[in-house]
Amino acid sequence: MSLKVLFVASEAHPLVKTGGLADVAGALPRALARLGADVRLLLPAYRGVTARVPDLREVGPLELAAAPPARLLRGRMPRSRARVYLLDIPELYDRPGGPYTGPDGGDWPDNAWRFAALGRAAAALALGKADPRWRPDLVHAHDWQAGLAPALLSLERERPATVFTVHNLAYQGVFPWETFRDLALPWELWSMERLEYYGQFAFIKGGLACADWLTTVSPTYAREIQTPEHGFGLDGLLRHRAERLVGILNGIDHEEWSPGRDPHLAARFTRRTLGRRARNKAAVQARFGLPAHAGAPLLGHIGRLVEQKGADLILGALDGLLAHGAQLVVLGSGAPHLEQAVREAAARYPGRVGVHVGYDEPLAHLIEGGVDMFLMPSRFEPCGLNQMYSLRYGAVPVVRRTGGLADTVVDADEAALATGRATGFVFEAPEPAALLEACRRAIACYRDRPADWRRIVLAGMAQDFSWRASARRYLELYRRALDGRSRAAPGGV
Ligand code: ADP
């Protein structure tokens with residue numbers, strides 16, 4: 001019998017995506033399925049999602065406390081055999097806007113209700129009360145939106161094992177006591193050892209305190225979140241659970257992200273046809289209204305425009321970068337003040353800085369395939385996908401030494417260059433000057449030592465960040481979680 005795993009997540013590519021979580025929830029089930037596991041995903045039926053799920057049929061009605069009437073639907077992920085359950089509650093999910101925010105960019109005021117329903121539906125499925133034909137051995141919940149699933153299950157005697165993955169500890173789902181009461185959550189969950197959090201309650205604690213095992217998305221981030229600097233108030237709990245906390249690096253989806261067969265590129269290329277890359281560079285320059293200088297170092301940045309990602313550090317280093325003759329392109333959306341700031345930079349430096357504010361997946365591919373260097377000066381970065389795409393696409397990453405960036409990019413110092421291990425440029429301080437210095441090193445290498453540059457590009461392109469390796473590690477963890485079931489006290493450690 002294959003291992004049955006229920007994934008619980010609030011987004012999954014290609015159905016709905018705001019960030020890296022969607023990439024993981026879309027790709028990891030497929031990779032696990034290839035290793036023989038029976039993985040099914042539970043996702044809210046946001047507007048537009050139902051229509052994109054093939055072979056959809058109703059499993060049955062669901063009665064969830066503190067939620068309007070619900071239905072459970074079952075279908076397949078597009079272009080895949082993987083099963084997906086949709087939690088259909090039109091009053092909560094069928095509306096315009098994003099999965100977490102309304103059209104005005106603010107959080108939906110009923111997010112606690114929307115994701116409490118997700119947790120409750122997950123618990124029902126996990127206990128065999130929602131789909132009589134399928135009952136998982138293990139529930140794998142992701143981020144705060146799914147945090148109530150392990151919490152509710154921790155109150156059950158006969159339950160599957162639970163694993164909770166933190167994709168970003170900064171998002172915790174904190175709500176007041178009145179919301180806890182109105183959600184009619186079991187009183188046992190209102191305690192410091194479970195959901196209570198400084199007089200309020202946090203969905204993420206449902207995962208962190210109650211799941212049998214915890215994971216996060218890189219070994220370095222797993223260590224960092226146990227420190228006050230990166231722990232966002234939860235470092236004490238995470239230190240307490242350190243023996244049950246594992247860092248597993250995300251993979252990247254090679255079907256979507258392979259420069260040799262990427263339909264979004266102006267010219268496809270491999271390590272053997274690297275020369276073709278120049279056509280993508282020219283295409284990026286054209287898209288952003290920059291002159292087609294083949295020799296000008298072209299720098300790129302893609303990501304959510306939020307403090308975490310350090311777009312302000314790039315802007316702070318901008319004068320210095322341009323003084324080195326660099327061109328810069330930025331693709332992103334997010335905080336209004338940062339959107340405004342990047343637009344202003346483009347207006348101030350026409351022909352040298354190009355900006356596209358918005359979300360544009362095909363353009364993201366073209367940028368990865370065309371820029372010479374990819375900037376990722378994140379203040380913290382649980383795993384980060386863009387630096388891995390960059391490595392694979394020959395865009396040399398310039399990154400801060402934090403989280404998954406520290407685990408995936410090898411700085412081009414002399415020793416690493418000599419041994420052929422160098423894949424990028426790494427800096428420490430979250431300051432414009434430190435970013436600028438790393439870029440200066442990168443630009444000097446690009447201009448003056450083309451053979452070294454080529455070696456760095458090729459070493460990056462040779463890295464294997466496929467999901468297969470990550471999926472193996474998750475499977476190992478699932479087996480440990482199941483082996484430990486008989487010894488684990490209800491409610492975790
Ligand atoms: P996070 O999950 O913190 O946003 P990651 O680097 O882990 O950061 O993943 C971000 C994902 O979202 C990547 O697939 C990236 O290419 C994509 N992305 C982010 N912003 C944009 C954008 N404006 N346009 C296209 N893709 C974007």
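For ligands, and for the atoms within them, numbers begin at 1 and follow the listed sequence.
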For atom CZ of Arg468, is the number of surrounding heavy atoms from other residues, nucleotides or ligands below 6.0 Å larger than 12?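 Atom CZ in Arg468 is not packed in, count stays at 12 or less.
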If you draw a 6.0 Å radius around CZ in Arg454, do more than 12 non-hydrogen atoms from other residues or ligands fall strictly inside?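 No, not enclosed.
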Which pairs of N or O atoms, one from ligand 1 and one from the protein, are separated by less than 3.5 Å, and what is the distance for each pair?
{"from": "ligand 1", "atom 1": "2 (O)", "to": "Gly20", "atom 2": "N", "distance (Å)": "2.5"}
{"from": "ligand 1", "atom 1": "3 (O)", "to": "Arg304", "atom 2": "NH2", "distance (Å)": "2.8"}
{"from": "ligand 1", "atom 1": "3 (O)", "to": "Lys309", "atom 2": "NZ", "distance (Å)": "2.8"}
{"from": "ligand 1", "atom 1": "4 (O)", "to": "Arg304", "atom 2": "NE", "distance (Å)": "2.7"}
{"from": "ligand 1", "atom 1": "6 (O)", "to": "Leu385", "atom 2": "N", "distance (Å)": "3.0"}
{"from": "ligand 1", "atom 1": "7 (O)", "to": "Leu385", "atom 2": "N", "distance (Å)": "3.4"}
{"from": "ligand 1", "atom 1": "8 (O)", "to": "Lys309", "atom 2": "NZ", "distance (Å)": "2.9"}
{"from": "ligand 1", "atom 1": "14 (O)", "to": "Lys17", "atom 2": "NZ", "distance (Å)": "3.1"}
{"from": "ligand 1", "atom 1": "14 (O)", "to": "Asp23", "atom 2": "OD2", "distance (Å)": "3.2"}
{"from": "ligand 1", "atom 1": "16 (O)", "to": "Asn386", "atom 2": "OD1", "distance (Å)": "3.1"}
{"from": "ligand 1", "atom 1": "23 (N)", "to": "Gly358", "atom 2": "O", "distance (Å)": "2.8"}
{"from": "ligand 1", "atom 1": "24 (N)", "to": "Asp360", "atom 2": "N", "distance (Å)": "3.0"}

As a test of understanding, state which of Phe164, Tyr197, Phe201, Phe115 forms a ring-ring contact (aromatic ring centres under 6.0 Å, His included) with Trp144.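 Result for ring-ring contact (aromatic ring centres under 6.0 Å, His included) with Trp144: Phe115.
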Non-hydrogen side-chain atoms of [X] and [Y] separated by less than 4.5 Å:
| X | Y | value |
| --- | --- | --- |
| Gln200 | Phe175 | no |
| Trp213 | Leu245 | no |
| Arg400 | Phe380 | no |

